[in-house]
Amino acid sequence: MSTNEWPLWEVFIRSKQGLNHKHVGSLRAPDATLALENARDVYTRRSEGISIWVVESAHIHATDIDEADAFFEPSDTKIYRHPTFYEVPDGVKHM
Amino acid sequence: MQQPALFEYVLRIADDSLILGQRLGEWCGHGPILEEDIAMTNIALDLIGQSISLYDFAAELEGTGKNHDQLAYLRYENEYKNILLVEQPNGDFAMTILRQFFFDAFRLPFYEALMQSPVAQLAAVAAKSVKETRYHLKHTSEWVIRMGDGTDESHQRAQSAIDHLWRYTNELFYENEVDQTLQAEGKVPALSAIRTQWLSTVTNVLSEATLQIPTNDWKFDGGREGRHSEHMGYILSDLQYMQRAYPNMEW
(Lines give C-alpha, C1' and ligand atoms only; values in the text may rest on other atoms or scores of the structure.)
Protein backbone atom coordinates (compact mmCIF):
# COMPACT_ATOMS: atom_id res chain seq x y z
CA MET A 1 0.00 0.00 0.00
CA SER A 2 1.29 3.40 -0.92
CA THR A 3 2.34 5.63 1.93
CA ASN A 4 1.43 8.64 -0.21
CA GLU A 5 -2.26 8.07 0.21
CA TRP A 6 -4.44 11.17 0.22
CA PRO A 7 -5.50 12.35 3.66
CA LEU A 8 -8.80 11.31 5.15
CA TRP A 9 -11.49 13.98 5.65
CA GLU A 10 -14.59 13.91 7.84
CA VAL A 11 -17.71 15.26 6.20
CA PHE A 12 -20.45 17.24 7.96
CA ILE A 13 -23.67 18.20 6.21
CA ARG A 14 -26.40 20.64 7.14
CA SER A 15 -29.64 19.31 5.73
CA LYS A 16 -31.53 22.60 5.96
CA GLN A 17 -31.37 26.10 7.35
CA GLY A 18 -31.43 26.25 11.12
CA LEU A 19 -30.23 22.69 11.70
CA ASN A 20 -26.75 21.70 12.78
CA HIS A 21 -24.14 20.22 10.51
CA LYS A 22 -24.13 16.48 11.19
CA HIS A 23 -21.34 14.03 10.63
CA VAL A 24 -22.23 11.80 7.67
CA GLY A 25 -19.01 9.95 6.88
CA SER A 26 -15.53 10.34 5.53
CA LEU A 27 -13.62 10.32 2.26
CA ARG A 28 -10.18 10.80 0.80
CA ALA A 29 -9.09 13.89 -1.12
CA PRO A 30 -5.81 15.64 -1.89
CA ASP A 31 -6.91 19.00 -0.47
CA ALA A 32 -9.84 20.89 1.04
CA THR A 33 -11.28 22.15 -2.25
CA LEU A 34 -11.49 18.67 -3.74
CA ALA A 35 -12.66 17.25 -0.41
CA LEU A 36 -15.67 19.58 -0.64
CA GLU A 37 -16.32 18.57 -4.25
CA ASN A 38 -15.99 14.87 -3.43
CA ALA A 39 -18.30 15.31 -0.46
CA ARG A 40 -20.82 16.98 -2.73
CA ASP A 41 -20.66 14.06 -5.17
CA VAL A 42 -20.60 11.29 -2.59
CA TYR A 43 -22.95 12.60 0.10
CA THR A 44 -25.42 15.03 -1.48
CA ARG A 45 -26.54 13.11 -4.58
CA ARG A 46 -30.09 12.86 -3.27
CA SER A 47 -30.52 16.46 -2.12
CA GLU A 48 -29.30 15.74 1.41
CA GLY A 49 -27.79 19.11 2.06
CA ILE A 50 -27.39 22.85 1.61
CA SER A 51 -24.01 23.24 3.30
CA ILE A 52 -20.95 21.05 3.70
CA TRP A 53 -18.03 21.20 6.13
CA VAL A 54 -14.95 19.04 5.74
CA VAL A 55 -12.27 18.62 8.37
CA GLU A 56 -9.09 16.67 7.94
CA SER A 57 -9.52 13.66 10.19
CA ALA A 58 -6.04 14.14 11.65
CA HIS A 59 -7.24 17.40 13.23
CA ILE A 60 -9.95 15.73 15.25
CA HIS A 61 -9.13 14.82 18.85
CA ALA A 62 -11.31 12.11 20.29
CA THR A 63 -11.88 10.55 23.68
CA ASP A 64 -10.12 7.27 24.33
CA ILE A 65 -12.45 4.27 24.35
CA ASP A 66 -10.43 2.81 27.26
CA GLU A 67 -11.25 5.84 29.35
CA ALA A 68 -14.95 5.66 28.66
CA ASP A 69 -15.64 4.46 32.20
CA ALA A 70 -13.96 7.46 33.77
CA PHE A 71 -15.39 9.87 31.27
CA PHE A 72 -18.99 8.83 31.10
CA GLU A 73 -20.07 6.46 33.82
CA PRO A 74 -20.06 8.93 36.71
CA SER A 75 -23.01 10.75 35.18
CA ASP A 76 -25.06 7.56 35.03
CA THR A 77 -25.59 7.63 38.79
CA LYS A 78 -26.71 11.26 38.93
CA ILE A 79 -30.28 10.78 38.04
CA TYR A 80 -31.18 14.10 39.68
CA ARG A 81 -29.60 15.83 36.69
CA HIS A 82 -32.39 14.56 34.49
CA PRO A 83 -35.74 16.33 34.80
CA THR A 84 -37.57 13.11 35.64
CA PHE A 85 -39.01 14.14 39.02
CA TYR A 86 -41.58 16.54 37.70
CA GLU A 87 -45.18 15.60 37.20
CA VAL A 88 -46.19 16.64 33.70
CA PRO A 89 -49.47 18.54 33.87
CA ASP A 90 -52.29 16.93 31.90
CA GLY A 91 -52.65 19.80 29.47
CA VAL A 92 -49.04 19.65 28.21
CA LYS A 93 -48.58 18.00 24.86
CA HIS A 94 -45.55 16.74 22.95
CA MET A 95 -43.45 15.81 25.99
CA MET B 1 -40.81 18.11 -40.92
CA GLN B 2 -41.59 21.75 -40.20
CA GLN B 3 -38.24 22.90 -38.86
CA PRO B 4 -35.45 20.65 -40.21
CA ALA B 5 -32.66 23.04 -39.17
CA LEU B 6 -33.88 23.20 -35.59
CA PHE B 7 -34.27 19.41 -35.47
CA GLU B 8 -30.67 18.99 -36.63
CA TYR B 9 -29.47 21.58 -34.12
CA VAL B 10 -31.21 19.90 -31.18
CA LEU B 11 -29.80 16.52 -32.21
CA ARG B 12 -26.27 17.93 -32.17
CA ILE B 13 -26.54 19.07 -28.57
CA ALA B 14 -28.29 15.87 -27.53
CA ASP B 15 -25.77 13.63 -29.30
CA ASP B 16 -22.79 15.46 -27.79
CA SER B 17 -24.31 14.91 -24.35
CA LEU B 18 -25.31 11.29 -24.91
CA ILE B 19 -22.02 10.11 -26.39
CA LEU B 20 -19.89 11.91 -23.81
CA GLY B 21 -22.15 10.57 -21.06
CA GLN B 22 -21.74 7.06 -22.44
CA ARG B 23 -17.97 7.49 -22.57
CA LEU B 24 -17.78 8.77 -18.99
CA GLY B 25 -20.02 5.92 -17.88
CA GLU B 26 -17.29 3.50 -18.94
CA TRP B 27 -15.39 4.69 -15.86
CA CYS B 28 -18.10 3.33 -13.57
CA GLY B 29 -16.38 0.89 -11.24
CA HIS B 30 -12.96 1.72 -12.74
CA GLY B 31 -12.26 5.22 -11.40
CA PRO B 32 -8.83 5.96 -9.93
CA ILE B 33 -10.49 6.37 -6.52
CA LEU B 34 -14.01 5.74 -5.32
CA GLU B 35 -14.75 9.45 -4.90
CA GLU B 36 -13.73 10.29 -8.47
CA ASP B 37 -15.56 7.25 -9.80
CA ILE B 38 -18.74 8.70 -8.34
CA ALA B 39 -17.90 12.21 -9.55
CA MET B 40 -17.48 11.03 -13.14
CA THR B 41 -20.64 8.95 -13.18
CA ASN B 42 -22.50 11.93 -11.68
CA ILE B 43 -21.36 14.02 -14.63
CA ALA B 44 -22.31 11.19 -17.00
CA LEU B 45 -25.82 11.08 -15.55
CA ASP B 46 -26.17 14.86 -15.83
CA LEU B 47 -25.24 14.66 -19.51
CA ILE B 48 -27.57 11.76 -20.27
CA GLY B 49 -30.37 13.57 -18.43
CA GLN B 50 -29.78 16.63 -20.62
CA SER B 51 -29.90 14.46 -23.72
CA ILE B 52 -33.28 12.96 -22.74
CA SER B 53 -34.96 16.40 -22.61
CA LEU B 54 -33.37 17.33 -25.93
CA TYR B 55 -34.36 14.07 -27.65
CA ASP B 56 -37.92 14.58 -26.43
CA PHE B 57 -37.91 17.99 -28.07
CA ALA B 58 -36.28 16.61 -31.24
CA ALA B 59 -38.91 13.86 -31.45
CA GLU B 60 -41.63 16.49 -31.12
CA LEU B 61 -40.06 18.48 -33.99
CA GLU B 62 -39.70 15.37 -36.15
CA GLY B 63 -43.38 14.67 -35.64
CA THR B 64 -43.33 10.98 -36.51
CA GLY B 65 -44.34 9.77 -33.08
CA LYS B 66 -40.89 8.60 -31.96
CA ASN B 67 -39.75 8.87 -28.36
CA HIS B 68 -36.35 9.78 -26.93
CA ASP B 69 -35.23 6.14 -26.75
CA GLN B 70 -35.77 5.63 -30.45
CA LEU B 71 -33.66 8.67 -31.26
CA ALA B 72 -30.96 7.69 -28.79
CA TYR B 73 -30.76 4.01 -29.62
CA LEU B 74 -32.05 3.34 -33.10
CA ARG B 75 -30.21 5.59 -35.50
CA TYR B 76 -27.30 4.61 -37.72
CA GLU B 77 -23.82 5.97 -37.14
CA ASN B 78 -23.99 8.63 -39.86
CA GLU B 79 -27.21 9.98 -38.32
CA TYR B 80 -25.44 10.93 -35.07
CA LYS B 81 -24.24 14.53 -35.20
CA ASN B 82 -21.91 14.69 -32.20
CA ILE B 83 -18.44 16.16 -32.55
CA LEU B 84 -15.41 13.85 -32.69
CA LEU B 85 -14.07 15.11 -29.33
CA VAL B 86 -16.77 13.41 -27.29
CA GLU B 87 -16.30 10.00 -28.91
CA GLN B 88 -12.56 9.85 -28.26
CA PRO B 89 -11.52 7.00 -25.95
CA ASN B 90 -11.17 7.66 -22.23
CA GLY B 91 -7.43 6.96 -22.25
CA ASP B 92 -5.90 7.66 -18.85
CA PHE B 93 -7.51 9.88 -16.21
CA ALA B 94 -5.74 12.94 -17.65
CA MET B 95 -7.19 12.27 -21.11
CA THR B 96 -10.70 11.91 -19.70
CA ILE B 97 -10.43 15.06 -17.59
CA LEU B 98 -8.95 17.18 -20.39
CA ARG B 99 -11.60 15.99 -22.86
CA GLN B 100 -14.25 16.92 -20.31
CA PHE B 101 -12.58 20.25 -19.52
CA PHE B 102 -12.45 21.34 -23.18
CA PHE B 103 -16.09 20.36 -23.52
CA ASP B 104 -17.29 22.01 -20.29
CA ALA B 105 -15.43 25.23 -21.09
CA PHE B 106 -17.51 25.34 -24.28
CA ARG B 107 -20.79 24.16 -22.82
CA LEU B 108 -21.00 26.73 -20.02
CA PRO B 109 -20.95 29.88 -22.21
CA PHE B 110 -22.98 28.00 -24.83
CA TYR B 111 -25.80 27.24 -22.39
CA GLU B 112 -25.61 30.73 -20.91
CA ALA B 113 -26.22 32.12 -24.40
CA LEU B 114 -28.84 29.51 -25.27
CA MET B 115 -30.87 30.53 -22.21
CA GLN B 116 -31.74 33.69 -24.17
CA SER B 117 -33.19 31.67 -27.07
CA PRO B 118 -36.81 32.48 -28.00
CA VAL B 119 -37.28 28.73 -28.54
CA ALA B 120 -38.79 27.92 -25.15
CA GLN B 121 -37.69 24.27 -25.03
CA LEU B 122 -34.07 25.18 -25.78
CA ALA B 123 -34.05 27.97 -23.21
CA ALA B 124 -35.52 25.62 -20.59
CA VAL B 125 -32.97 22.86 -21.18
CA ALA B 126 -30.18 25.45 -21.10
CA ALA B 127 -31.44 26.96 -17.84
CA LYS B 128 -31.56 23.57 -16.13
CA SER B 129 -28.24 22.40 -17.57
CA VAL B 130 -26.25 25.54 -16.91
CA LYS B 131 -25.99 24.83 -13.16
CA GLU B 132 -24.86 21.27 -13.75
CA THR B 133 -22.32 22.45 -16.30
CA ARG B 134 -20.97 25.15 -13.98
CA TYR B 135 -20.10 22.43 -11.50
CA HIS B 136 -18.61 20.16 -14.18
CA LEU B 137 -16.31 22.95 -15.33
CA LYS B 138 -15.29 23.78 -11.77
CA HIS B 139 -14.46 20.14 -11.07
CA THR B 140 -12.50 19.53 -14.27
CA SER B 141 -10.67 22.86 -13.95
CA GLU B 142 -9.54 21.93 -10.44
CA TRP B 143 -8.18 18.66 -11.76
CA VAL B 144 -6.41 20.22 -14.74
CA ILE B 145 -4.66 22.65 -12.39
CA ARG B 146 -3.67 19.90 -9.95
CA MET B 147 -2.37 17.57 -12.65
CA GLY B 148 -0.54 20.28 -14.56
CA ASP B 149 0.99 21.83 -11.47
CA GLY B 150 1.43 18.48 -9.72
CA THR B 151 4.14 15.87 -10.18
CA ASP B 152 6.35 15.46 -13.25
CA GLU B 153 4.29 12.47 -14.30
CA SER B 154 0.90 14.14 -13.87
CA HIS B 155 2.15 17.22 -15.73
CA GLN B 156 3.45 15.13 -18.60
CA ARG B 157 0.24 13.08 -18.85
CA ALA B 158 -1.90 16.22 -18.82
CA GLN B 159 0.24 17.86 -21.50
CA SER B 160 0.07 14.70 -23.67
CA ALA B 161 -3.70 14.71 -23.37
CA ILE B 162 -3.84 18.37 -24.45
CA ASP B 163 -1.49 17.74 -27.36
CA HIS B 164 -3.66 14.84 -28.51
CA LEU B 165 -7.09 16.41 -27.99
CA TRP B 166 -6.37 19.91 -29.24
CA ARG B 167 -7.03 18.90 -32.88
CA TYR B 168 -10.63 18.05 -31.94
CA THR B 169 -11.45 21.32 -30.17
CA ASN B 170 -11.95 23.40 -33.31
CA GLU B 171 -15.04 21.36 -34.13
CA LEU B 172 -16.76 22.71 -31.01
CA PHE B 173 -17.29 25.86 -33.10
CA TYR B 174 -18.25 24.17 -36.37
CA GLU B 175 -21.03 25.99 -38.17
CA ASN B 176 -22.86 25.28 -41.41
CA GLU B 177 -26.15 26.27 -43.04
CA VAL B 178 -28.08 24.89 -40.05
CA ASP B 179 -26.47 27.50 -37.81
CA GLN B 180 -26.78 30.23 -40.43
CA THR B 181 -30.50 29.57 -40.80
CA LEU B 182 -31.18 29.54 -37.07
CA GLN B 183 -28.90 32.49 -36.32
CA ALA B 184 -30.64 34.53 -39.01
CA GLU B 185 -33.93 33.74 -37.28
CA GLY B 186 -32.40 34.85 -33.97
CA LYS B 187 -33.00 31.46 -32.37
CA VAL B 188 -29.47 30.37 -31.46
CA PRO B 189 -26.22 32.11 -30.46
CA ALA B 190 -23.29 32.69 -32.81
CA LEU B 191 -20.48 30.32 -31.85
CA SER B 192 -17.77 32.89 -32.63
CA ALA B 193 -18.58 34.83 -29.44
CA ILE B 194 -18.57 31.61 -27.44
CA ARG B 195 -15.19 30.72 -28.89
CA THR B 196 -13.74 33.88 -27.33
CA GLN B 197 -15.06 32.88 -23.90
CA TRP B 198 -13.88 29.29 -24.38
CA LEU B 199 -10.38 30.37 -25.28
CA SER B 200 -10.23 32.70 -22.32
CA THR B 201 -11.23 29.92 -19.88
CA VAL B 202 -8.83 27.45 -21.48
CA THR B 203 -5.95 29.93 -21.49
CA ASN B 204 -6.48 30.90 -17.85
CA VAL B 205 -6.76 27.37 -16.51
CA LEU B 206 -3.89 25.94 -18.57
CA SER B 207 -1.72 28.87 -17.59
CA GLU B 208 -2.43 28.32 -13.89
CA ALA B 209 -1.72 24.63 -14.48
CA THR B 210 1.64 25.50 -16.12
CA LEU B 211 0.47 23.65 -19.24
CA GLN B 212 1.01 24.78 -22.84
CA ILE B 213 -1.51 25.34 -25.59
CA PRO B 214 -0.21 23.46 -28.65
CA THR B 215 1.10 25.57 -31.49
CA ASN B 216 -0.06 23.25 -34.26
CA ASP B 217 -3.45 24.02 -35.74
CA TRP B 218 -4.58 20.64 -37.00
CA LYS B 219 -8.33 20.76 -37.29
CA PHE B 220 -10.33 17.55 -37.38
CA ASP B 221 -14.04 17.63 -38.02
CA GLY B 222 -16.82 15.66 -39.68
CA GLY B 223 -18.93 14.66 -36.71
CA ARG B 224 -21.52 17.37 -37.28
CA GLU B 225 -21.97 15.94 -40.80
CA GLY B 226 -22.23 12.38 -39.50
CA ARG B 227 -18.66 11.37 -40.44
CA HIS B 228 -17.20 9.83 -37.31
CA SER B 229 -13.92 8.40 -36.13
CA GLU B 230 -13.39 4.65 -35.95
CA HIS B 231 -14.37 4.70 -32.27
CA MET B 232 -17.99 5.62 -32.87
CA GLY B 233 -19.12 2.22 -34.11
CA TYR B 234 -17.86 0.53 -30.96
CA ILE B 235 -19.66 3.04 -28.75
CA LEU B 236 -22.91 2.48 -30.63
CA SER B 237 -22.63 -1.28 -30.46
CA ASP B 238 -22.45 -0.99 -26.66
CA LEU B 239 -25.09 1.72 -26.48
CA GLN B 240 -27.59 0.13 -28.85
CA TYR B 241 -27.18 -3.52 -27.98
CA MET B 242 -30.22 -3.89 -25.74
CA GLN B 243 -32.62 -2.04 -28.04
CA ARG B 244 -31.37 -3.93 -31.08
CA ALA B 245 -31.47 -7.32 -29.37
CA TYR B 246 -34.78 -6.75 -27.57
CA PRO B 247 -36.71 -4.15 -29.60
CA ASN B 248 -38.89 -1.78 -27.58
CA MET B 249 -37.72 -3.16 -24.26
CA GLU B 250 -38.17 -0.92 -21.24
CA TRP B 251 -37.20 -1.20 -17.62
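- Between B:Tyr80 and B:Leu71, the shortest heavy-atom distance links the atoms OH-O, 4.1 Å.
- Only the side chain of A:Arg45 has a heavy atom closer than 4.5 Å to any heavy atom of chain B.
- Contact count versus chain A (heavy atoms, under 4.5 Å) is highest, among B:Asn42, B:Ile33, B:Thr41, B:Leu34, for B:Asn42.
- Using cut-offs of 30° and 60° on the angle between ring planes, the pair B:Trp27 and B:Phe93 is perpendicular.
- Of the candidates B:His155, B:Arg157, B:Gln156, B:Glu153 forms a side-chain hydrogen bond (donor to acceptor under 3.5 Å, both in side chains) with just one, namely B:Arg157.
- Ring-plane geometry between B:Phe173 and B:Phe106 is classed as perpendicular, the angle between the planes exceeding 60 degrees on a 0 to 90 degree scale with a lower cut at 30.
- Heavy-atom pairs under 4.5 Å with chain B peak, among A:Leu34, A:Leu27, A:Thr33, A:Asn38, at A:Leu34.
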